[in-house]
Visitor: 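Take this structure, written in C-alpha cells, and hold onto it; I'll ask about it next.
Please read these numbers as outputs of a predicted model, since none were measured by experiment.
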Amino acid sequence: MSGSHANPPVVVITGAHPKLYNHDLGPTAREGKTWGAFSIFAMWMSDVHSVGGYTFAASLFFLGLTGWQVLLSMVIGISAVYVLMNLIGRPSLKYGVPFPVVARMSFGVMGANLAACLRGIVGIVWYGVQTYFASKAVQVLVLTWFPGAVSLTQNGIAGLSTLGWLSFGFMWVFQLLIFLNGMETIRKFIDFCGPVVYVVMFALAIWILAQTGTSSLDLQLSPPAGGATAGHMANAAMLIVAYFAALLLNFGDFSRFARDEKAMKLGNFLGLPVNFIVFAVITVVVTAGTVQVFGQAIMDPVLIVEKIGNPWIVALGSITFIVATMGINIVANFVSPAYDISNLNPERINFRTGGLITSILSVMVCPWLFVSSPQAITIFVGIFGAILGPMFGIMVSDYYLVRKQHVVVEDLYTMSSSGSLYFENGWNRRALIALVLSGAASIGLSLLGAYKVIPNIGDWGWLVGAGLGAVLHLVLMSREMRVASVPAE
C-alpha cells in the first residue's frame with residue numbers, strides 16, 4: 001500500500017505491468033475512501049451550479065409546457081440519471097479504480113485507451129469552453145471596478161482582446177494551481193463550491209421577489225407548445241439525461257473514493273433528484289422575475305448581477321460564478337481527461353501531468369472561436385456526444401450481464417495472454433465492433449437530424465446508442481462470458 005497527503009493511498013498490485021499501472025490508476029485503498037455522502041452531494045452541486053447549468057435549467061421552462069409538466073419531466077429525467085449513475089459508479093466503488101481502468105473490463109487492457117481518448121477529447125474541449133466562460137466573468141469584474149481597462153478590449157489578438165487574454169490566462173493559471181494539488185484538495189474545493197453558489201442564488205431570488213412581489217412567480221415562461229404534451233415531456237426528460245452524458249461515463253473517477261455504497265447512493269440522491277430540482281425552481285423564479293425587473297427574460301446570471309449596477313453586488317456575483325465554473329470544470333472536464341491521458345502512458349504520465357496536458361490542450365482548442373461557430377458545436381456534439389451513449393451501454397452490459405459484477409483485479413493490470421482481459425493483444429474486438437456499429441447509428445441519427453435530412457431525434461441519440469451498444473456487446477460476448485470463481489477484492 002502506498003500514498004501521500006496529496007495522493008490517496010492505493011493497493012499495490014504485485015507484478016502489475018508498467019504500461020497499465022501507476023499510483024493514480026491503482027485501486028484506492030480502504031484508507032483512501034474518504035468521500036462521504038456530503039462530498040458526493042457537493043460534487044453534484046458543483047456540476048449543476050454553473051452558468052451553463054443555470055441556463056440549461058431555465059431553458060427547460062421555455063419548452064412550452066406548464067410548470068407542473070416541466071417539474072414532472074424533471075423528476076422522471078433526473079431519477080433516470082440517478083439510477084444510471086449508481087450503475088456506472090458501482091464497479092469503481094467496489095474495486096477502487098477510475099474510469100479508464102473500468103473500461104479495460106469491456107474493451108481490453110489496451111483497448112480501453114480508445115474509450116479513454118474519446119472521453120478525454122470531450123473533457124478537454126469543454127474544459128477550455130468553461131474556462132473561457134469564467135474568464136468573461138473576470139472581465140466583467142475588472143471593467144466594473146476599473147472602467148479605464150475598457151481600452152484593453154478594443155484590439156484583437158487571435159480572436160481575443162488584450163483584456164480577454166489576461167482574463168483567460170488568470171483563470172487558466174488559477175484553476176491549474178488548485179487542480180495540481182491532487183484529489184484531496186479537489187474534494188475540499190468542491191465541498192465549498194456548490195454550497196456557496198446556493199447562498200448567492202437564494203439571495204438573488206430574494207432580491208428579485210423584493211422587486212416584483214409574488215406576481216412574478218410563474219413556472220411557464222413560454223406559450224404552450226403544439227403537438228402531443230407527452231412527447232414534449234419525454235423530450236424534456238431526455239434532455240436531462242443527455243446533459244449528464246459525460247459524467248454517465250466517468251462518475252467512477254469519484255465513486256472510487258466513496259466510503260461505501262450507502263454514502264454513494266445518498267450523495268447521489270441528494271445531489272441529483274433533490275438538488276437539481278431545487279436549483280431549477282430557484283433558477284426559474286429568478287428568470288421569471290427578470291421579465292418584470294429588466295423587461296426581458298435573462299438566463300445568464302452574470303448578466304443579471306451586471307445589470308443590477310452595484311459594484312459590490314457585481315463583484316460578489318462574478319466571483320461566485322467564477323467559483324461555480326471552476327467547480328464544474330473539476331467535476332466534468334478536468335479529472336476525467338487527467339486520468340485518461342495518464343492511462344495512455346502510466347510510466348511517464350501521472351494524474352498531475354495528465355492535468356497539465358489537459359490544460360495546455362484546452363488552450364490549443366481556441367474555445368472562444370469554437371463557441372462562436374454553431375456548425376462546429378453541432379458537429380462536435382453530434383460526433384463525440386453521440387458516442388458516449390454506446391460506450392456507457394457496452395460498459396454497463398459487460399459488467400452486469402457478462403461478468404456478473406466479478407472481476408479479478410490483477411487482470412486489470414497484466415499484459416499476460418492468460419489474463420481474462422487481455423483478449424487479442426489487449427483489445428476486445430467484440431466490444432470494438434459493438435462500439436463502431438452502435439456509434440455509427442447514434443452519430444448518423446444525430447447528424448442527419450441536426451441537418452434536417454430526417455426528423456430530428458434530438459438527444460434520443462444517446463439512448464439509442466446506449467441501448468444498441470448494450471445489446472450488441474451482450475450478443476457478441478455470449479460465447480466469451482467469463483466469471484472469476486473467486487474474485488480478488
Visitor: Taking the side chain as every heavy atom from C-beta outward, state whether L163 and L143 have any pair of such atoms under 4.5 Å apart.
Guide: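 Counting from C-beta outward, L163 and L143 do come under 4.5 Å.
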Visitor: Tell me, please, which residues at least two apart from C117 pass side chain to side chain contact (heavy atoms under 4.5 Å, CB included).
Guide: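 C117 satisfies side chain to side chain contact (heavy atoms under 4.5 Å, CB included) with L344 only.
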Visitor: State which residues pass ring-ring contact (aromatic ring centres under 6.0 Å, His included) with F334; sequence neighbours excluded, sorted by chain then number.
Guide: Y127, F179
Visitor: Do M110 and L20 make a side-chain contact, defined as non-hydrogen atoms from C-beta onward lying under 4.5 Å apart?
Guide: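 Yes, their side chains come closer than 4.5 Å.
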Visitor: Name every donor-acceptor pair, under 3.5 Å, that has one atom in a side chain of residues 71-85 and the other anywhere in the protein, sequence neighbours excluded.
Guide:
{"from": "S73", "atom 1": "OG", "to": "Q69", "atom 2": "O", "distance (Å)": "2.8"}
{"from": "S73", "atom 1": "OG", "to": "M233", "atom 2": "O", "distance (Å)": "3.3"}
{"from": "S79", "atom 1": "OG", "to": "V75", "atom 2": "O", "distance (Å)": "2.6"}

Visitor: Counting N and O atoms only, with roles assigned by atom type, does the side chain of T290 sit under 3.5 Å from a partner on the main chain of I298, one being a donor and the other an acceptor?
Guide: yes
Visitor: Is there side-chain contact between T144 and W312, with heavy atoms separated by less than 4.5 Å?
Guide: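 Heavy-atom side-chain distance check fails, nothing below 4.5 Å.
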Visitor: For residues 200-211, which residue pairs qualify under side-chain hydrogen bond (donor to acceptor under 3.5 Å, both in side chains), counting only residues two or more places apart or in two chains?
Guide: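 Found none.
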Visitor: Less than 3.5 Å apart, which donor and acceptor atoms pair up between the side chains of residues 269-282 and the rest of the protein, not counting sequence neighbours?
Guide:
{"from": "N275", "atom 1": "OD1", "to": "H49", "atom 2": "NE2", "distance (Å)": "2.9"}
{"from": "N275", "atom 1": "OD1", "to": "Y198", "atom 2": "OH", "distance (Å)": "2.8"}
{"from": "N275", "atom 1": "ND2", "to": "G271", "atom 2": "O", "distance (Å)": "3.2"}

Visitor: Considering non-hydrogen atoms only, spot the tightest contact between W165 and I157 and give its length.
Guide: NE1-O, 2.6 Å
Visitor: Output all residues satisfying side-chain hydrogen bond (donor to acceptor under 3.5 Å, both in side chains) with Y339, sequence neighbours left out; order by chain, then residue number.
Guide: R256
Visitor: Measure the spacing between CZ of F392 and CG of L463 and express it to the nearest 0.5 Å.
Guide: 10.5 Å
Visitor: Please find the pair of heavy atoms, one from V142 and one from A149, that lie closest to each other, and give the distance.
Guide: CG1-CB, 4.0 Å
Visitor: Does atom NZ (K33) have a neighbourhood of more than 12 heavy atoms from anything else shown, all under 6.0 Å?
Guide: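 More than 12 within 6.0 Å, yes.
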Visitor: Please confirm whether the backbone N or O of A158 pairs with a side-chain atom of W368, one donor and one acceptor, at under 3.5 Å?
Guide: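 Yes, W368 side chain to A158 backbone: donor-acceptor pair under 3.5 Å.
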Visitor: Could you pull out the closest heavy-atom pair between I349 and S342, with the gap in Å?
Guide: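 Minimum heavy-atom separation between I349 and S342: O-OG, 2.8 Å.
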Visitor: For L114, which residues count as a side chain to side chain contact (heavy atoms under 4.5 Å, CB included) partner, sequence neighbours excluded?
Guide: L118, W427, L432, L435
Visitor: Ignoring hydrogens and angles, state whether a donor on the side chain of N329 or Q175 is under 3.5 Å from an acceptor on the partner side chain.
Guide: yes
Visitor: Using only atom types and a distance under 3.5 Å, with no angle test, would you say the side chain of T287 pairs donor to acceptor with the backbone of V284?
Guide: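 Checked: no pair found.
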Visitor: Check whether any side-chain heavy atom of V291 sits under 4.5 Å from a side-chain heavy atom of Q296, and report yes or no.
Guide: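 They are not in contact (no side-chain heavy atoms under 4.5 Å apart), so the answer is no.
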Visitor: Tell me whether W462 contacts the main-chain N or O of V241 through its side chain, where contact means a donor paired with an acceptor under 3.5 Å.
Guide: no
Visitor: Any sub-3.5 Å donor-acceptor pair from T28's side-chain atoms to G96's backbone N or O?
Guide: yes
Visitor: By side chain to side chain contact (heavy atoms under 4.5 Å, CB included), which residues pair with V363, not counting sequence neighbours?
Guide: F168, W172
Visitor: Determine whether E347 and N22 make a side-chain contact, defined as any pair of heavy atoms from C-beta on separated by less than 4.5 Å.
Guide: no
Visitor: In this structure, are over 12 heavy atoms from other groups packed under 6.0 Å from F294 atom CZ?
Guide: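 Counting neighbours around CZ of F294, more than 12 heavy atoms of other residues, nucleotides or ligands fall under 6.0 Å, so yes.
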Visitor: Could you state the interatomic distance from OG1 (T358) to CD1 (I341), rounded to the nearest 0.5 Å?
Guide: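 It is 3.5 Å, given to the nearest 0.5 Å.
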Visitor: Find the distance between CG (N250) and CE (M395) and round it off to the nearest 0.5 Å.
Guide: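 Answer rounded to 0.5 Å: 9.0 Å.
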Visitor: If you compare all heavy atoms of A263 against all heavy atoms of I40, which two are closest, and at what distance to 0.1 Å?
Guide: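 Residues A263 and I40, closest heavy atoms: O-CG1, 4.4 Å.
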Visitor: Supply the atom-to-atom distance N343 CG to N113 CG, rounded to the nearest 0.5 angstrom.
Guide: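 These two atoms lie 5.0 Å from each other.
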Visitor: Do H232 and V70 come close enough that some side-chain heavy atom pair is under 4.5 Å?
Guide: no
Visitor: Once side-chain hydrogen bond (donor to acceptor under 3.5 Å, both in side chains) is applied, do any residues pair with N268, and if so which ones, sequence neighbours excluded?
Guide: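 Applying side-chain hydrogen bond (donor to acceptor under 3.5 Å, both in side chains) to N268 gives W44, N86.
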Visitor: Give the minimum heavy-atom separation between P367 and G128, together with the two atoms involved.
Guide: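 Scanning both residues, the minimum pair turns out to be CG-O, 3.2 Å.
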Visitor: If we ignore hydrogens and angles and just use 3.5 Å, is the side chain of S442 paired with the main-chain N or O of G439 as donor and acceptor?
Guide: no
Visitor: Hey, are D253 and S92 close enough side-chain-wise for a donor-acceptor pair under 3.5 Å?
Guide: no
Visitor: So, using side-chain hydrogen bond (donor to acceptor under 3.5 Å, both in side chains) as the criterion, who are the partners of D340 when residues are at least two apart?
Guide: S336
Visitor: Of the non-hydrogen atoms in R119 and A246, which two are nearest, and what is the gap between them?
Guide: NE-O, 3.3 Å
Visitor: Could you work out, with ring-ring contact (aromatic ring centres under 6.0 Å, His included) as the rule, every residue matching F174, not counting sequence neighbours?
Guide: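 Per chain and number, F174 pairs via ring-ring contact (aromatic ring centres under 6.0 Å, His included) with F170.
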Visitor: Please examine the side chains of H23 and N350, heavy atoms only from C-beta on, and report whether any two atoms are closer than 4.5 Å.
Guide: no
Visitor: Quick one: does L93's side chain get under 4.5 Å of F257's, heavy atoms only?
Guide: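 Not in contact.
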Visitor: Give me each pair satisfying side-chain hydrogen bond (donor to acceptor under 3.5 Å, both in side chains) with a member in residues 145-159, each pair once, sequence neighbours excluded.
Guide: N155-T162
